[in-house]
There are 2 protein chains.
Amino acid sequence: MNEQDFLASYDPRAYPAVAVTADVVALTIRDNALHLLLIRRAEPPYAGHWALPGGFVRPDEDLTTAARRELAEETGLGGDRLRRVHVEQLASYGAPERDPRMRIVSVAHLAFAPDLPDATAGTDADEADWVPVAELPGRELAFDHRRIVDDGLERARSKLEYTPLATRFLAPEFTIGELRAVYETVWGHPLHAGNFHRKVLSVPGFVESTGANTERGGSRGGPRARLYRAGDARLLHPALLRPAREETVR
Amino acid sequence: MNEQDFLASYDPRAYPAVAVTADVVALTIRDNALHLLLIRRAEPPYAGHWALPGGFVRPDEDLTTAARRELAEETGLGGDRLRRVHVEQLASYGAPERDPRMRIVSVAHLAFAPDLPDATAGTDADEADWVPVAELPGRELAFDHRRIVDDGLERARSKLEYTPLATRFLAPEFTIGELRAVYETVWGHPLHAGNFHRKVLSVPGFVESTGANTERGGSRGGPRARLYRAGDARLLHPALLRPAREETVR
DNA sequence: TCAATAGTGTCTTTCAGACAATATAAT
DNA sequence: ATTATATTGTCTGAAAGACACTATTGA
């Protein structure tokens with residue numbers, strides 16, 4: 001250990017400054033398609049590129065608090081609407097060269113939101129928009145945000161398997177069909193309606209009946225569906241596993 | 001947004017400095033008990049308290065690289081032995097008051113190690129030791145390290161379910177009985193030997209036979225067991241689920 | 001010989017998935 | 001009437017868990 005390292009082990013200021021940002025992979029479902037909140041950067045580096053919403057963590061803020069604040073700024077959301085958004089930590093990204101300006105460690109978060117109003121650009125962005133995830137392959141994202149988004153999407157797909165968080169994409173009351181649409185959209189697979197229905201009702205605490213029904217049947221006919229709200233389970237047991245994906249296993 | 005925040009959104013140096021550390025929840029199995037690597041702090045704050053090994057991330061280091069370095073310093077390990085240790089990111093902890101000196105964001109990592117030699121204290125510790133996890137409730141840990149350890153243990157238990165990482169607690173060649181002992185130790189439950197045996201062999205890519213047998217049977221008798229090494233699966237499918245834990249679900 | 005462990009066989013229950021059937025409501 | 005959707009029923013196969021059994025070896 002050289003002298004600089006020795007000093008630094010006692011005083012981090014002996015090292016060049018590190019900045020910590022909270023970035024958010026915010027997902028919602030619009031028009032039966034998974035959408036991701038992106039901003040268009042106004043300033044270099046990567047000016048004009050699309051990027052994840054985020055910003056520096058403030059001195060008095062917890063990491064998740066910072067993520068929620070950044071999300072609020074870009075969605076123009078507050079109060080009850082924001083409270084219904086699920087935010088959890090995803091992972092931290094800190095490769096030395098990930099930002100050309102200086103050492104920046106990004107604590108990425110993952111958010112599940114019910115269908116929200118259009119986004120509104122914050123201070124450091126020209127534009128903020130919900131972008132269909134299906135259109136992402138064509139867009140170049142700033143920094144290592146592509147990787148972060150990929151990790152977030154995989155985490156989201158996995159979370160639907162063993163937690164009841166799919167309900168966070170929906171209004172407080174929903175039908176089993178709407179819940180199934182969430183799974184189909186996030187997983188990108190059609191699911192068997194009958195089997196899904198029975199499965200959801202058989203998992204303890206996943207959903208609870210409100211006793212009410214929808215006012216109308218589907219737009220193209222069908223009976224009025226029963227309404228449910230999220231139950232008290234935090235984990236699904238047994239889980240709803242994705243259709244086999246032998247390929248991804250090795 | 002006030003002026004300070006506005007400036008800070010462009011220049012993080014307008015905020016008080018943040019330091020980033022890499023801490024490690026390193027687990028190993030000794031004498032059929034799960035052990036955690038802890039150091040005894042030499043300097044305030046929390047001088048004399050037990051804490052997780054860790055330290056400041058250096059300018060040229062990736063986060064996981066820093067965690068591996070810290071682990072190497074406290075275990076005196078290098079080369080091949082270190083390479084067989086599994087290290088993954090756990091989560092980041094950044095509550096504003098978690099360190100009384102200054103704002104410190106800790107990127108915690110989780111490590112699975114085969115039985116290693118005794119630990120050797122690094123520069124900022126009086127002592128480093130593998131401590132039985134069962135003895136933790138009696139010890140007060142520094143900072144929010146208790147919470148980090150709890151999160152790490154839960155992650156470890158969960159990882160054994162759907163990944164083949166249990167093999168990382170063992171030598172390159174092992175018996176099914178030794179593998180079962182890992183599961184029993186980490187999960188804290190006895191498992192049925194026969195069912196476990198059949199299950200492990202039925203999961204594609206979990207283990208592969210070496211063709212060889214152990215030299216001797218068990219110390220108290222029994223046949224010589226077949227030897228296996230880790231297979232090429234990165235995920236177990238189907239998973240080995242923990243015995244039902246209805247309690248933890250709500 | 002006795003006790004412990006490895007490995008296999010069998011049975012029951014649970015659960016996932018395929019498929020069918022019935023009922024209801026919008027057009 | 002036709003069509004789409006909700007909901008329930010039935011069957012099959014995979015897999016988990018309980019239990020029993022045999023074979024092998026150290027003490």
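Naming: A, B, ... by sequence-line order, numbering from 1 per chain. It should be emphasised that the depicted structure is a prediction, and the values quoted were computed from it without experimental measurement.
Residue B/Lys199 has a polar side-chain atom (N or O) positioned under 4.0 Å from OP1 or OP2 of D/dA16. Residue A/Arg224 has a polar side-chain atom (N or O) positioned under 4.0 Å from OP1 or OP2 of C/dA25. In this model, the phosphate group of D/dT8 is approached by a side-chain N or O of A/Arg226 to a distance below 4.0 Å at OP1 or OP2. A close approach under 4.0 Å does occur between a side-chain nitrogen or oxygen of A/His197 and OP1 or OP2 of D/dT7.
When the P atom of D/dA16 is taken as reference, atom CG of B/Leu240 falls 7 Å away, rounded to whole Å. Rounded to a whole Å, the CG atom of B/Asn195 is 16 Å from the P atom of D/dC21. In this structure, the NE2 atom of B/His189 is 12 Å from the P atom of D/dA18, given to the nearest Å. Rounded to an integer number of Å, the gap from NE2 of A/His192 to C1' of D/dA6 is 12 Å.
Mapping A/Ser202 and A/Glu215 onto DNA chain C by nearest heavy atom places A/Ser202 at the nucleotide closer to the 5' end.
Taking 3.5 Å as the limit, the base of D/dG26 and the side chain of B/Arg216 contain no donor-acceptor pair of atoms between them. One N or O donor and one acceptor, one from the side chain of B/Arg198 and one from the base of C/dG9, sit under 3.5 Å apart.
For the pair A/Leu201/A/Ile176, a side-chain contact is recorded, criterion being any heavy-atom separation below 4.5 Å from C-beta on.
For A/Asp151 and A/Arg147, the salt-bridge test passes: some basic side-chain N is under 4.0 Å from an acidic carboxylate O.
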